[in-house]
Amino acid sequence: MIRTGRLTVIDAAGRVHPFGPGDSGPDVSVRIHDPLLPMRILLRPSLAVGEAYMDGTITIEQGTLRDLLHLCTSNLEALGRHPIGAVRGELDRMLRRLQQDNRLGRARANIAHHYDLSGALYDLFLDRDRQYSCAYFQTGAETLEEAQEKKKRHIMAKLLLEPGMRVLDVGSGWGGLALEMAQTARVDVTGLTLSQEQLAVATERAVAAGLSSHVRFALRDYREEQGTYDRIVSVGMFEHVGVAHYRTYFDTLRNRLNPDGIVLVHAIGRADPPGSTDPWLRKYIFPGGYCPALSEVLAAVERSGLWVTDIEILRLHYAETLRHWLERFQANRDRAQAIYDERFCRMWEFYLAVCEAAFRNGPMMVFQLQLVRRRDAVPLTRDYITDRERRDVMAEDVPA
């Protein structure tokens, strides 16, 4: 299965097994401390390797965790063609609707599993605004803070915000985008989250910024929202919807949108056909989560009656974002261990590193989907996006 790079495995008995040509790619050596681990890896590679790294039953003798995962994801095609891999993939696809159970009560529990962790943890690796989604690297030389600011500006340009508009932020996180929209575009924002921790922080930030009369946050599911809005934005939330609920999601967006309104959905997707969520990520990081193929998303949009007016694919932007996050987390590892423990730190390192590898070598990408009810709700060409971004940059450069 190792077609590029070299993987040297030292088994529990001390025997050395080299794999791969070694002519290109990483050169990694690992030691296995559990004699049963090779069989578990054969049956469930991702789950077994992730748990082994967390538990210390596999250690890296040469190279880094990023090197190991880069090697693994560089050889995904060969792994997928293996008969066991094909059977495993088909079983996962058959069970995916059960795995993505995001009914109201279950959705709250799934979100709490990840987003109600200590806020101090997120401060160790996110930017100052706590943007927990793909940043926007126009040149690749940006700092994380700069790239996250550009991401917000890019989204706002696509929304064509005007003062006084009512905006719904579905999955508002710690409130950074909602506060930015209210402050710079002078709109009124309602932010929805299912995380108690995020709600508390976002509400406190609105008060501190003097924006509580223009930005309101609620602990509410998108399916429970009432009223209509001029603009709807959803960043990093669609991954938690689940395929069984796509029709409800887009129908809800349409029903909450004014006739001349605009929706912007920013989410992780895949460039290959519909699949299932990695079992390790599903178990430890994002229960109920799924990153869809565009074919699944667009089919649901079509049934809702919404127009797709723009699709943008961000390919390596998230890989760079995750690289920054992993480097920051590792630089603050001692502080993370003081909050949780060593096993948690290894889990979190594996999460950030395996996701970076998936975006660099696998089929993962980010899409931004612009939707409207009326075909003439946005200009006929995309020039307005760049024009708006330039206008906002010039406005920031003007002395107060």
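- Looking only at side-chain heavy atoms (C-beta outward), His214 and Val187 stay at 4.5 Å or farther from each other.
- The shortest heavy-atom contact between Val354 and Leu69 is N-CD1, 3.4 Å.
- Annotation for Arg382: atom CZ counts as buried by contact number, over 12 foreign heavy atoms lying within 6.0 Å.
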Report the C-alpha distance between Glu356 and Arg360 in whole Å, list the side-chain angles of each, state the deciding distance to 0.1 Å, and finish with yes or no for salt bridge (Lys or Arg N to Asp or Glu O under 4.0 Å). CA-CA 6 Å; Glu356 180 194 349; Arg360 290 204 187 278; 2.9 Å; yes

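- Residues that satisfy the salt bridge (Lys or Arg N to Asp or Glu O under 4.0 Å) test with Arg315, not counting sequence neighbours, are absent from this structure.
- Between Pro274 and Ala293, the shortest heavy-atom distance links the atoms N-CB, 3.7 Å.
- If you check the side chains of Ser304 and Asp251, you find no donor sitting under 3.5 Å from an acceptor.
- Using a cutoff of 4.0 Å between basic side-chain nitrogens and carboxylate oxygens, Glu180 and Lys150 are not scored as salt-bridged.
- Taking the six-membered ring where the residue is Trp, Phe238 and Tyr249 present tilted rings, their angle falling between 30° and 60°.
- Aromatic ring centres of Trp174 and Tyr122: separated by under 6.0 Å.
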Go through it in stages, so that I can follow the logic: the residues are His114 and Tyr132, the test is ring-ring contact (aromatic ring centres under 6.0 Å, His included), and I'd like the CA-CA distance, side-chain angles, deciding distance and then a yes or no. CA-CA 12 Å; His114 190 85; Tyr132 195 25; 5.6 Å; yes

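- Salt bridge present: Asp129 and Arg205 bring a charged side-chain N and a carboxylate O closer than 4.0 Å.
- Side chains of Val167 and Asp230 form no contact here, defined as non-hydrogen atoms less than 4.5 Å apart.
- You'll find the side chain of Phe359 stays beyond 4.5 Å of the side chain of Thr321, heavy atoms only.
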Determine, stepwise, if the pair Asp341 / Arg343 fulfils salt bridge (Lys or Arg N to Asp or Glu O under 4.0 Å). CA-CA 6 Å; Asp341 56 25; Arg343 189 173 188 269; over 6 Å; no

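- Ring orientation note: the planes of Tyr115 and His240 are nearly perpendicular, at an angle over 60° on the 30°/60° scale.
- Relative ring orientation between Trp325 and Phe125 is described as perpendicular, the plane-to-plane angle rising above 60° on a 0-90° scale split at 30° and 60°.
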Would Tyr136 and His266 satisfy ring-ring contact (aromatic ring centres under 6.0 Å, His included), going step by step from the backbone distance to the final call? CA-CA 12 Å; Tyr136 189 64; His266 169 116; 9.3 Å; no

Between Glu342 and Arg333, does the salt bridge (Lys or Arg N to Asp or Glu O under 4.0 Å) criterion hold? Intermediate values first, please. CA-CA 9 Å; Glu342 173 64 18; Arg333 201 177 190 283; 2.8 Å; yes

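- For the residue pair Tyr318 and Ser133, the shortest heavy atom distance occurs at OH-CA, 3.8 Å.
- At least one test fails for Arg256 against the ring of Tyr229: distance under 6.0 Å to the centre or angle within 45° of the axis.
- The two atoms that bring Asp188 and Ser213 nearest to each other are OD1-O, 4.1 Å, heavy atoms only.
- Residues Ser118 and Tyr340 meet the side-chain proximity criterion, which asks for heavy atoms closer than 4.5 Å.
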Walk me through whether Glu349 and Arg66 qualify under salt bridge (Lys or Arg N to Asp or Glu O under 4.0 Å). CA-CA 9 Å; Glu349 283 176 326; Arg66 289 177 72 194; over 6 Å; no

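- Within 6.0 Å of CD in Glu224 there are more than 12 heavy atoms belonging to other residues, nucleotides or ligands.
- Residues Glu51 and Arg40 fail the side-chain proximity criterion, which asks for heavy atoms closer than 4.5 Å.
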Step by step, work out the side-chain hydrogen bond (donor to acceptor under 3.5 Å, both in side chains) result for Asn255 and Thr252. CA-CA 5 Å; Asn255 293 336; Thr252 300; 5.7 Å; no

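- For the pair Leu124/Trp348, no side-chain contact is recorded, criterion being any heavy-atom separation below 4.5 Å from C-beta on.
- Residues Asp310 and Gln368 are not in side-chain contact: their nearest non-hydrogen atoms beyond the backbone lie 4.5 Å or more apart.
- Using modelled atom types and a 3.5 Å distance limit, the side chains of Gln131 and Lys152 yield no donor-acceptor pair.
- Contact of the Leu194 side chain with the Met237 side chain is not registered, since no non-hydrogen atoms from C-beta on lie closer than 4.5 Å.
- Of all non-hydrogen atoms in Phe367 and Pro292, the two that sit nearest each other are CE2-CG, 4.4 Å.
- Two rings, from Tyr351 and Phe344, have their centers 6.0 Å or more apart.
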